[in-house]
Every structure is written in structure tokens, then in C-alpha cells.
Undergrad: 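Take this structure, written in C-alpha cells, and hold onto it; I'll ask about it next.
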Amino acid sequence: MNAKIERKWQKIWQENRIFEPLPGGKKFFITVPYPYSNGPLHIGHGRTYTYGDVIARFMRMKGYNVLFPMAFHVTGTPILTVSDSIRQGNMETVELYREYISMYENDKNRVEEILKSFEDPEKIALFFAEKIQRDFESLGYSIDWRKKFHTAEKYYNRFVEWQYEKLFKMKYLKKGDYPITYSPADGNPVGEDDIKDGDTDKVTIIEFVAIKYRFEEGFIVAATLRPETTFGVVNIWVNPEAKYYKIKDNGEIYFVSRESYEKLIYQRENVSKLDEYDGKYFVNKTARNLLTGEDIPVLPAGFVDPDNATGFVQSVPAHAPYDYAALRDINSDIRPKRIIDIDGYGEFPAEDLYNRFKIKNQYDPNLEEATKIIYRDEFYSGKMSEWIEYFGGMRVSEAKEKIKKYLIENGMAFLFYETSRKAVTRSGNKVIVAIIKGQWFLDYSNTEWKRKTHYLIDKMGFYPEIYRTIFHEVNDWLKERPCVRRRGLGTEFPFEKGWIIESLSDSTIYPAFYTIIDRIRERNIPDEKLDEKFFDYVFLNEGPVPFEEAKYIREGFTGWYPNDLRVSSNAHVSNHFIFYLFHHTAIFPEKYYPGSLMILGMLIREGAKMSKSKGNVIPLAQIAEKYSADLFRLYIISSSDFDKLLDWKEEEIKSLRGKLEKFAELLEESIKCREDHERGYMENYLINSFYMRYMNALDFMNRFKFRDAVIEIFYNFMNDIKYYEKRENPEKRACILKFILEDWLKIVAPIIPHTAEEYWNRLGKNSFISLERLDEMKEYDRNLILSIQYIENLIEDIKNIMNVSKIVPDKIYIYLADERKRELLKILKEDKNRAFREAKGKDEISILKQALAQQYSSIEDLDEEDSIRNNYEYLRRMFSAEIVINPPDDPGNKRRYALPGKPSIFIIKK
RNA sequence: GCAGGGGUAUCCGAGCCUGGCCAAAGGAGCGGGACUUAAGAUCCCGUGUUGCAGGACUUCGAGGGUUCAAAUCCCUCCCCCUGCACCA
């Protein structure tokens, strides 16, 4: 189907507004999460929306009143970041967006103009929203565009504000401190996108326990990931080459590295610098371990990184290979102190590993690996030594948390956050961890909320079913989540100025918004009127009718909600999808809970993940031109099951194109056929086979297994046609297909709607096939199909014998199983033991054994002799031999091998 | 580590839930043939080993087990992938 014809139908569909339903009847409301509109979409997105559309079209043809809406997501920082970069003339971004715009705009001057307009972030969103809509239209999606909106517009803001009013009243919002990656130079939190190589080498936040050691008038602060080892500290390490500060933190005096101080400013309140020291200052001085009361020396070690945590390290040589190595380096006579018992190690595990890895000194790179091993082993199989008060005998994994808590609660330690690796922003500024004070959270750890959501997960539908378990898991694991940010597009947080509701948190129950937005616009309601009372009435039927039009608006909601099916990729499971469920249980009564979720697998290209950096992203923009919408849709649906990974292979598309063209040719010539042909045996076979496949396909489609349906109704039936051609005059084929043509077009219409619509039209129909009803029930003669299978099996067997024996047949004797065997095998099928009891003599028993071993299933009700007679000429022609059924003589002694459905054969040589 | 998914013939991938025509669908690749001046495209045939009677043997990460029967069920082990949070 060429792009021109596809465009023709897209236009006609649109002009006739056939996908713009009013509520009523048996409704089906399907949604796909809206795309983030900061650039062109790619074929990965295309997979999801294609599935949404195929289902929408299928349900429509099953007689449902289908609503399939779409909108655009613009909330958050990325669009803002792009806009900023373009304004600052960042070459990389400018180049990228010039390329994006050029996908849609040929005129060079126009491209530059648009690019310039992107200095206004909203222009970016609007530009791409429009283009994405165009791309979707070019793929024939049956979307109701009256419902479209974007998430920074006023109406939507009012809607989100209302949700947060509700959540606040339910106490699902709470406030607290929160560590986050941050750039002091930019004065901003930074996300993965803002960090250099953040996408490939992720930066996570590591929680250190900063432990205070009494020193002079204050404390040396040594940070550790293993607070439980504090019992085994024998000294403290300082880097003699580094700079250290004396600082004041809420009245207490601390000694930390210079870099550490710069981080603490962002993590603690009222931190100020008092004095500077060289690292050497601390060497050989004494500090006191508050946990044990011991006085220990401060010793020099070069491995200490002043830019990691506090710049002091507590030394536990018994259990930390670095510490052990550093002590050896300075020839110290300090003896390690063992505090963890673990099987498989000597007195000092760190010493074992030091020897095993043949560590040279504290700079040996193997120390990383050694540390990992000991950490893992001790954490999972170590126990705190018995002599330790209270914690003795406790498993390390447990003691770690308890000791941390003990230290903090007794003022001996505080938490210090560090990045998992050294990181800088894209513009080269240092990234540290800052604590955001007064951060608002959605409290997904609320047990009542969790319980309600578990209930929903139990009740609703999942495609595939495995996700029910996964969602229960995700529900358990979900905890508080920050829901507002300092910057970005979106909706301002109603309870505190200067915060924007974060992008995933404003997109939870918005399918409800689709049901009313067109009506709000239609009646020109000013956004100020969309207050809490309005939404309370519209969505919850609470309170009085706020104004007359609200009734009409509410009918949109009650007419369509709940959302019957939501389709998206598995990337959304632990974020959008789970929030979607939580927020529904929070806000809506049970009858408006989501109906079901369909979760798709991801899409890769030629075995590799698509990514900007690899430059292998295929945009959706040129798909319709390059391949045609129907070919794309057919490929997406047929090349893999919806829940599995789809590997986009150009080679496969090419071969699929050929098949689709072949299909179109068949339709073409079939429509042209004017004469009526007689329906003989093979014609009946072809038609019956079609209806068998039709019913199979329909059954698959009802379970949304469209790939299996396509294989059945497209590939397999085309093979049936080939088979027919092999046996009959190919000329006749076209006219025979006429009998099934309408049903064939209908059943493929959800998948390749343009092709279907075009040929439906050429058949002289005045209706849209997109709005036709699929017949749910078609009769067919199963025996006819079985008998063809039977004949083909027989041919296989004969050929096989000919191959092996190298005999050219003159006559072929076919012996059919007698009634007695037929009876016996019937019994065998019902009751094995009874069959053996009833079998008489060795011969019969061996028949049963043979049948059992071959797992031979008899073809009941099939008249074998009749089948052979009906295909007699075919067999004769094929082997150029005479076929004799049940001859009186038995020269090969073969008669006894005959089984029902599997006759025995003897070939007489020429 | 926690959670989830997975290891199938040259490769990619179905099958596994509900054990039995499963030597294992479908692609791709490869080999052969047809068509073509030729390449390409397209179409047909073949593609574990073996056998002069439709069969036999070996094979679905490794090793055990259940069963008349295991790619499929159970146990143990090895290996791989994804997510782990503010990023949309």
C-alpha cells in the first residue's frame, strides 16, 4: 500500500470524524501514556502506540464504543534544559535540534527560525507535540484528537492541583529531608541528564556513617561504610598532604578535609569554618574512640582521599585490607583487633586477603577487589565476636544497622552522603550530594494505601499475567518519593510556592482528564472555575453542582471511566504504572479503578539498544514514507509477541514487504474476478480452512495475542492458498477467494487498516471497514481439513519409503486399520489399562505398545477410505502409480501394521 | 545484594503454564535449482547424524530425579540480561 493511498484514508477517516465517539453503549476506554514532547519519537514508542491502536480498532470492530485519546507530556526539566542550552548556544544541542527540526522542515531558513524560537521552552513542547501528532496520524492511529492537551496548560494545572488537595487531605503527602545530587556552582539539583556520562555511568548516592573521635577541643570525623567495625579501630588515617579544616557545626567542633567541609555546607545547617591545618598536623596525635573509650593514634596514609567523605578514615586492619596494607607500609607494630568471626578465614581476614592477592602496598589496585570480597563475606556470613557487649554473636548484616543506629542516637556519629563516583556536570562543575530541606514526598509507604493498592492489583487484569506478581513486589518495595522539584515546567505545588510538581507525580490519574477536557473547552469554561468544588463534583459526585455546565462535563467522565486498558512498555512498571495504580486507589471509588494493564517488551535494533550516542535511533517521522504505515504495523505486530523483546531487522522487513505485496495482489485479482466458479472439493477445502483459521485468529485476538493471529490468518492461510494452487488451476484461485474476501479484509483490518479500507472500498462497499462488525462465529467442516492433513501425511510416508528404498512405484497398496483396531485404540485413549486387558494375543498387545510409544492419536470420525477416494487422482498423479486400497493380497505382509489414521503401505516395484 | 526475566540447532527466536506426531514453528544465513545477459529481487527444494520400507540414534546451559514418556514437571549447580528511584 503506498503512502498516497494511506494518506487518502487517513484524511477520509478524519473528515468523517469516525474516531470521535460520544459516550454510550458498550464502552471501551483505552489509553497509552502520553509521550514526553522534547523531540521526535522513535520506533520504540511506535510499538506501544501501534499496539494501542490495533486493540482500539479490534475492540471497535467487536462492537465496542471505543475511546482512544492522546495528549502530550511537557512537565519537568529536560525541555527547560534544552531551551537553556540553545539560548547559551551549546553547539551539541543546537546541532541535535537542528537535525530534529529538519526531519519535518526542508526550508533551511525556516529551520533556523524554529530553532531560534526554542529559546522559549513552550515552543519546543508545542512544536514537537504537533509533529508527533502528525507522525501518529501518518501511521493510521484511530486517536480521538479532540481530547488532546499538554501538561503545562492551565486546565491541566487546575486538575493536578485538585489531586494534590485530595492527597494532602488524606495525609499521603509529607515533608522531610532528602539527599540529592547537586551542583553548588549551578545552585541546582542535577539529574542523570545533567551529569557528564550520567546515562552510561550512573551516579548514585552512598550513605557513609561519619564517626566522631574526641580530639583536642572537638572531634576528628572519620567516615565509614562499615560502622560495625568501629569496635575494631586501632588508629585513624589522615592524608599528610591534604588540607584540613576545623569547622563548627551547630556548636560542635569538627576536623574534616577541606573538600568535606564544602560538602557539609550543603548537608548540614549552620556549618562554618574556623581554622585551617595541614594533614601533617594530626600525625601521631591521639584521638579517643567514643564507642570503646580507647585512645588511638592518628597515622599518615596516602591512600586517604580528602575528596571522599570526610578525609579521615578509621583503621580496622583486621577486616580492611587497605588498613592492613597501610600499617605494613609504615612498619607499624600496632596489632589488628579482630571483631568479626567468620569461617574460612584465619585470625585476621584482611591479612589472609593481603597474602592471597599478594598485595604490594596501600596503592595496589588489587585492594579494591580484596575489599569487595571481604565486605561481602563478612556481611553475609560473619558474626560479631562474642566478647563485644550487646552486639556480640549478632550477624554482621544485622549488627551493621543496629550499631549505626546506636552511634547516631548517642551523638557519636551522623550520616554523610557521598556520590558513588567522582562526577561533574556537562559543563564541568563538581557534583556533590546536598540535602534538600523540607522536601515534599508522596508517602507510598503508608500501609493503608499499600493495602488498597494490593487489593486493586489482585482484582484487575494483566497482560501478561506474570505482572500481577511483579506489581505486588513493586508495591511492597515502594517507599516515600519526592514529588516536587525546584525547577521545570508543570504545575506549581499548591501548598508551597517555588516548587513544581515533578513529572511522574503529575501524570497519575490523568486518563480521567481525557473524559472531560473536550467538554470544558467546548463550553469555554474559564480555568478559575475549575476549583476543588468543581472537580469534587465532576469526579466524585461530592457537593452541589458548582455551575450548570458541570453536569454536562461530569457526563463525559461517568460515560467513559474507568480506563479499561492501559498499554505501555515494561520500562514503566516501577514508576508510572505503579503510581497510576496508587493514585487511583487514593482518589477514586472502586468502580473507577483501572480495568487492566498491558505491558509490552522493549524494542532494539539489529541486536543493539537504540541510543542517541550510538546514532542508531530510527525516528517515527519517516516510517510511513519509507515503509508504509501498514507494513510497519504488520511488522510490529507479527515479528514478536507483545511482551517479548522485539529486534528490528531491516532484512526481515524487506521480506515482509514482499508478503504484504503478495497479499495485495491476491486481493486485487480477486476483486477483478467476475465469473462464478463451481465449488469442488479443493475449493471447499480452501474456504473451510480459511474459516478454521479465522476462528483461531479471533480466539487469539480476544486474548490480545495479535502475533499468533497474524501468523494464522496471514501466513498460514497464504500457505493454504499455495497448497491449493499446487493442486488446482491457479487461475481459479482468485475467484474462490471472493467467497471469503470480506471476512479476510475484516479480520486483518485492525492491523493493516489502510489496505483493508482500500480494498473494502474497491469491493464497492459504502461503509468504513474500520467501523464494520467482525463476525464472532463462523462454521467450518473440520473433517475436510483433517482429511487433507491425512492425505499429506500419507504422501509423506510414501515419499519416505521411496527415498529410503529407492523404489519407483508401479502400484501402491494402502491397508487401512480394521474395525477391531479402531475400537481397541479408542479404548486405549480412554483407559490404558482396560485396553491392555481387552487386547487378545501378542499381536494386539504389540499394536497397543506401538501406538503408545508413537503417541499415536487417532483421527476420530474421519472416513479414511473416503478421504483417499476424494484425493485419488491427486495421489495417482503425484506418484504416477496405481493406488489400491485394501487389496486382497498382502505380498509385503504389511496389513497388520495399519493403525487408524496411519495406514500401512506397500510399494510394488515397476 | 534485592526483585524480575532468561540460557533451544550456524545465528535470531517460538515451544515450557496444560509432558506425548517435537528433530523441535518462523525468520536470517548457508547449499542447490528456476527466472535473468548478469548482479539483485522473487519463487521452489534442502539444511543434526544415519538407514536400500515409512525407522534408528544424538540433541533444547550442566548434573540428578519423577514418568511408560521430559525442551516441557521437581531438585542442585553454572552462566547471562534488566530494574533498584527522581530520570522522563
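By convention in this document, chain letters (A, B, ...) are assigned in the order of the sequence lines, proteins followed by strands, and residues within each chain are numbered from 1.
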Undergrad: What is the separation between atom OH on A:Tyr467 and atom P on B:A3, rounded to the nearest whole Å?
TA: 17 Å
Undergrad: What distance, rounded to whole Å, do you find between the two P atoms, one in B:U59 and one in B:A69?
TA: 16 Å
Undergrad: A:Asp643 has an atom CG; how far is it from atom C1' of B:U82, in whole Å?
TA: 15 Å
Undergrad: Is A:Lys894 paired with A:Asp890 through a side-chain N to carboxylate O contact shorter than 4.0 Å?
TA: no
Undergrad: With P as the reference atom in both, quote the distance from B:C16 to B:C68 in angstrom, rounded to an integer.
TA: 24 Å
Undergrad: Base contacts versus sugar-phosphate-only contacts with protein, heavy atoms under 4.0 Å: please encode nucleotides 7-18 of chain B as B, S and - from 5' to 3'.
TA: -----S-S----
Undergrad: Could you tell me how far apart A:Glu650 (CD) and B:G40 (P) are, to the nearest whole angstrom?
TA: 19 Å
Undergrad: What interatomic distance, in whole Å, is found between C1' of B:U67 and the corresponding atom of B:G29?
TA: 39 Å
Undergrad: Which whole number of Å gives the distance between the P atom of B:U58 and that of B:U50?
TA: 15 Å
Undergrad: Mind calculating the distance between CG (A:Asn475) and P (B:C84) to the nearest angstrom?
TA: 18 Å
Undergrad: Which residues satisfy the side chain to side chain donor-acceptor pair (under 3.5 Å) test with A:Asp84, sequence neighbours excluded?
TA: A:Arg87
Undergrad: If I take atom CZ in residue A:Phe462 and atom C1' in nucleotide B:G4, what distance separates them, rounded to the nearest angstrom?
TA: 15 Å
Undergrad: Looking across every strand, which nucleic acid part, if any, lies under 4.0 Å from A:His73 by heavy atom: base, sugar-phosphate, or nothing?
TA: sugar-phosphate
Undergrad: Flag the pair A:Phe714 / A:Phe663 as yes when their ring centroid distance falls below 6.0 Å, and as no otherwise.
TA: yes
Undergrad: Applying a 4.0 Å non-hydrogen cut-off, can you work out what A:Phe471 is touching in the nucleic acid: base, sugar-phosphate, or nothing?
TA: nothing
Undergrad: Could you state the atom-to-atom distance from CZ of A:Arg485 to P of B:A85 in whole Å?
TA: 15 Å
Undergrad: Given atom OH of A:Tyr635 and atom P of B:G27, what is their separation to the nearest angstrom?
TA: 13 Å
Undergrad: At under 4.0 Å between heavy atoms, how does the protein contact nucleotides 44-54 of chain B? Give one character per nucleotide, 5' to 3', with B, S or -.
TA: S------BSBB
Undergrad: Atom CD of A:Glu473 and atom C1' of B:U82: how far apart are they, to the nearest Å?
TA: 15 Å
Undergrad: Have a look at A:Asn575 and say if it touches a base, only the backbone sugar-phosphate, or nothing, with a 4.0 Å heavy-atom cut-off.
TA: base
